[in-house]
Amino acid sequence: MLDIKTIREDPKLVKDSLVRRGEDSSVVDMLLLCDEERRKLVYEVEKLKQRRNEVSSEIAKMKREDQDTKGAILEMREVGERIKEMDDTIRQMEKKISDILLSIPNIPHESVPYGKDESENVEVRRWREPRSFDFEPKAHWDIGVNLGILDFERASKISGARFTVLRGAGARLSRALVAFMIDLHTGEHGYTEIYPPVLVNTESMIGTGQLPKFAEDMFHCEGTDYYLIPTAEVPVTNLYRDEILSADDLPIYHVAYSACFRAEAGSAGRDTRGLIRQHQFDKVELVKFVKPGTSYDELEKLVGNAEEVLRRLELPYRVVMMCTGDVGFAAAKKYDPEVWMPSYGRYVEISSCSNFEDFQARRANIRYRSEPGAKPEYVHTLNGSGVAVGRTIAAILENYQEADGSVVVPEALRPYMGGLRRIEAE
RNA sequence: GGAGAGAUGGCUGAGUGGUUGAAAGCGCUCGCCUCGAAAGCGAGUAGGCGGGUAGCCCCUGCCUCGUGAGUUCGAAUCUCACUCUCUCCGCCA
């Protein structure tokens, strides 16, 4: 959420940002109109309330002195009615303003390149050349099924499309990856581990920006106020909702493993095979709460932390900076580390690292005091995958496959796999 | 699921219709004291939304005592609904 005061003072900035994102900027004028109207009403009703307060204390005094209060009470009864009506109108106006405010995306940082869609994202760096195979490499869904470690057919029987059952070494590989990633981030990057609920309420979803705009992407538990989280970003960022932190608390670094759930409405036909796009997948997420001045440095470090996972696993990757048309609703700046996927013949997103500045903090009301007694200010929040587990399994299967159909276990993972060096068909 | 108790400021905790936005304590900040510190003493210390003035200093109004409605001239205080927490019982991995 943007600050209404910023919009009031510099509407052009917000309109330009919407245009750069390729969105309609006319909401800004509508918003300002409502805002002006609201302030006018607030001013009026507050004058009435002041009058009511004054007369009420006069009535108290008159009663103590045994004077007649009938006239004053009658007058105030009318004033009270009037106040109620106006408060109603103001409440409607505020609802409208907040609806608009919640639907306006963040302003991209000045370092974000202009572009209309993902085709204009900018590659920032590459690590390692993709391996060249002396045989025809297979896709991970074939490798996994042949090894008996991925079972898509039974998954579709028990659940449906876009689900997977992991079996044997496949299940262990997944568990090993989660442990490996969390150990790396807690042990070497200074993150504190969190294990969050995967069901959260509406308020949390609004706090991080999934709602109200992207309701169709979410699984909602019918008859309840619970949503299945699309990422651990939601519960972990909302950990400090409506809190005022002290400067000493910052920066806060959290790492959280969770299952993630996405309805994937509107992606029919895309990535239908394999582990790339599932309704349920595992992810290790990194979340930071930092002082405003530091958030862009923190973003670079965060991306580096995600990249370190891929380097340790020796998976070739590149990092892409999102352009204005692809930066995402809540982010001011975003980098996507992408892993090389032989079956796709290209790099595939395996992480997404964003600086939200105070966009989420304002929605979720997460503040801090720069020093004792100072006015509370909004923190900056960041998060990034560190990294997506399902896609990492896919990348390992494909990049580490051998001509005989077996898959070599990356060295960094072997301690977590009971020393297993190679996954072979049983 | 049943019965009961509760929800007040950074924290603990008073307050059952009218100078209570809120006692007291703790914490924190500043000052005094001290060579310095502690102790002691004194002062200060919620957030939000408007208006004035104007770069976050200051003045001023309104709102906020879990959330939402209601009663009333006036609600932290009375009524109703909801949410959450705790205790006991039941059920259960």
Side-chain angles (χ1 to χ4, degrees), chain A residues 1-10 13 31-98 100-102 195 197-207 221 223-227 235 238-250 252 259 289 291-293 358 361-379:
Chain A
M1 184 161 63
L2 301 179
D3 186 358
I4 182 91
K5 283 177 195 154
T6 311
I7 303 175
R8 222 182 267 155
E9 280 159 25
D10 196 353
L13 175 79
L31 180 70
L32 289 177
L33 224 60
C34 293
D35 179 50
E36 201 175 315
E37 180 68 16
R38 176 189 146 264
R39 279 187 296 161
K40 221 158 66 188
L41 286 167
V42 165
Y43 183 72
E44 294 294 319
V45 79
E46 283 186 1
K47 273 200 302 200
L48 286 180
K49 285 179 179 174
Q50 183 179 2
R51 171 95 182 121
R52 180 178 65 183
N53 290 342
E54 282 165 4
V55 174
S56 283
S57 71
E58 269 171 41
I59 289 173
K61 199 167 143 217
M62 286 157 81
K63 283 212 165 164
R64 251 175 286 146
E65 289 165 7
D66 239 4
Q67 297 179 33
D68 178 39
T69 57
K70 213 178 261 171
I73 287 176
L74 234 51
E75 187 202 338
M76 283 310 102
R77 203 170 279 170
E78 247 172 75
V79 170
E81 284 304 309
R82 182 96 186 90
I83 288 173
K84 197 179 286 182
E85 281 168 30
M86 291 180 75
D87 272 345
D88 257 10
T89 315
I90 289 170
R91 206 167 305 120
Q92 284 170 26
M93 200 62 91
E94 280 173 347
K95 171 89 172 73
K96 200 164 155 188
I97 289 169
S98 124
I100 297 174
L101 228 36
L102 286 174
Y195 180 74
V198 297
L199 292 174
V200 299
N201 56 31
T202 302
E203 225 177 309
S204 295
M205 287 295 224
I206 290 172
C221 299
T224 72
D225 186 35
Y226 294 135
Y227 289 84
N238 278 282
L239 235 32
Y240 304 105
R241 189 175 71 215
D242 295 322
E243 291 192 25
I244 300 175
L245 306 166
S246 89
D248 302 340
D249 298 331
L250 302 178
I252 296 172
F289 305 82
K291 293 178 192 170
D358 63 5
R362 182 169 282 111
R363 285 176 163 245
N365 195 27
I366 307 168
R367 295 172 295 175
Y368 82 105
R369 286 185 214 277
S370 53
E371 52 189 277
K375 279 259 171 236
E377 297 173 57
Y378 291 110
V379 302

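In what follows, chains carry the letters A, B, and so on, assigned in the order in which the sequence lines appear, proteins first and then strands, with residues in each chain numbered from 1.
The closest donor-acceptor contact from the side chain of A:Arg363 to the backbone of A:Ile206 lies under 3.5 Å.
Taking atom P on both nucleotides, B:C62 is separated from B:A76 by 14 Å, rounded to a whole Å. B:C57 and B:G13: their C1' atoms are spaced 35 Å apart (whole Å). Comparing the P positions of B:G47 and B:A37 gives a spacing of 29 Å, expressed to the nearest Å. Using P as the reference atom, B:G70 and B:U16 are 26 Å apart when rounded to the nearest Å. The separation of B:C56 from B:G51, taken at their P atoms, amounts to 15 Å, rounded to a whole angstrom. Distance noted for atom P between B:G21 and B:C32: 35 Å (whole Å). Using C1' as the reference atom, B:U20 and B:A14 are 11 Å apart when rounded to the nearest Å. For B:U8 and B:G52, the P atoms lie 37 Å apart once the distance is rounded to whole Å.
Listed by chain and residue number, A:Arg38, A:Glu46, A:Ile90 satisfy the side-chain contact (heavy atoms from CB on, under 4.5 Å) test with A:Val42 (two or more places apart in sequence, or in another chain). Every residue two or more places apart in sequence or in another chain that forms a ring pair (Phe, Tyr, Trp, His ring centres under 6.0 Å) with A:Tyr240 is listed here: A:His254, A:Phe289. Scored by the side-chain contact (heavy atoms from CB on, under 4.5 Å) test, A:Gln67 finds A:Met62, A:Glu65 as partners (sequence neighbours excluded).
For B:A69, one of the phosphate oxygens OP1 or OP2 lies less than 4.0 angstrom from a side-chain nitrogen or oxygen of A:Arg91. The phosphate of B:C73 (OP1 or OP2) has no side-chain N or O of A:Lys84 nearer than 4.0 angstrom.
For the pair A:Lys70 NZ and B:U72 P, the interatomic distance rounds to 17 Å; values are reported in whole Å. In this structure, CD of A:Glu81 is placed 12 Å from C1' of B:C73, rounded to the nearest angstrom. Nucleotide B:C84 holds its P atom 13 Å from the CZ atom of A:Arg241, rounded to whole Å. Atom pair A:Leu245:CG and B:A46:P shows a separation of 19 Å (rounding to whole Å applied). Separating the NZ atom of A:Lys95 from the C1' atom of B:G68 is a distance of 15 Å, rounded to the nearest angstrom.
For the pair A:Glu9 and A:Asp3, the minimum side-chain heavy-atom distance is 4.5 Å or more. Looking only at side-chain heavy atoms (C-beta outward), A:Arg82 and A:Glu44 stay at 4.5 Å or farther from each other. Side-chain contact between A:Tyr378 and A:Asn365: present, with at least one pair of heavy atoms (C-beta onward) separated by less than 4.5 Å. A:Val79 has its side chain out of reach of A:Val55: every pair of non-hydrogen atoms, C-beta onward, lies at least 4.5 Å apart.
Rounding to the nearest 0.5 Å places CD1 of A:Ile83 at 13.0 Å from NZ of A:Lys47.
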Let me see the working for A:Leu101 and A:Ile7 under side chain to side chain contact (heavy atoms under 4.5 Å, CB included), right down to the final yes or no.
-> CA-CA 10 Å; A:Leu101 228 36; A:Ile7 303 175; 3.6 Å; yes

Sugar-phosphate or base contact per nucleotide [nucleotides 47-65 of chain B; S, B, -; heavy atom under 4.0 Å] | SSBSS---------BBS--

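Remark: A:Arg91 does not engage A:Glu94 in a salt bridge, criterion side-chain N to carboxylate O under 4.0 Å.
Across all their heavy atoms, A:Gly207 and A:Asn238 have their closest contact at CA-OD1, 4.0 Å.
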Quick test: give all pairs of protein nitrogen or oxygen and nucleotides 16-22 of chain B nitrogen or oxygen below 3.5 Å, distance rounded to 0.1 Å.
| unit_1 | atom_1 | unit_2 | atom_2 | d |
| --- | --- | --- | --- | --- |
| B:G18 | N2 | A:Ser56 | O | 3.0 |

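In RNA chain B, consecutive stretches of 3 or more Watson-Crick or G-U wobble pairs with both distances under 3.5 Å are given as paired ranges: B:1-7 with B:83-89, B:10-12 with B:24-26, B:27-32 with B:40-45, B:46-52 with B:58-64, B:66-70 with B:78-82.
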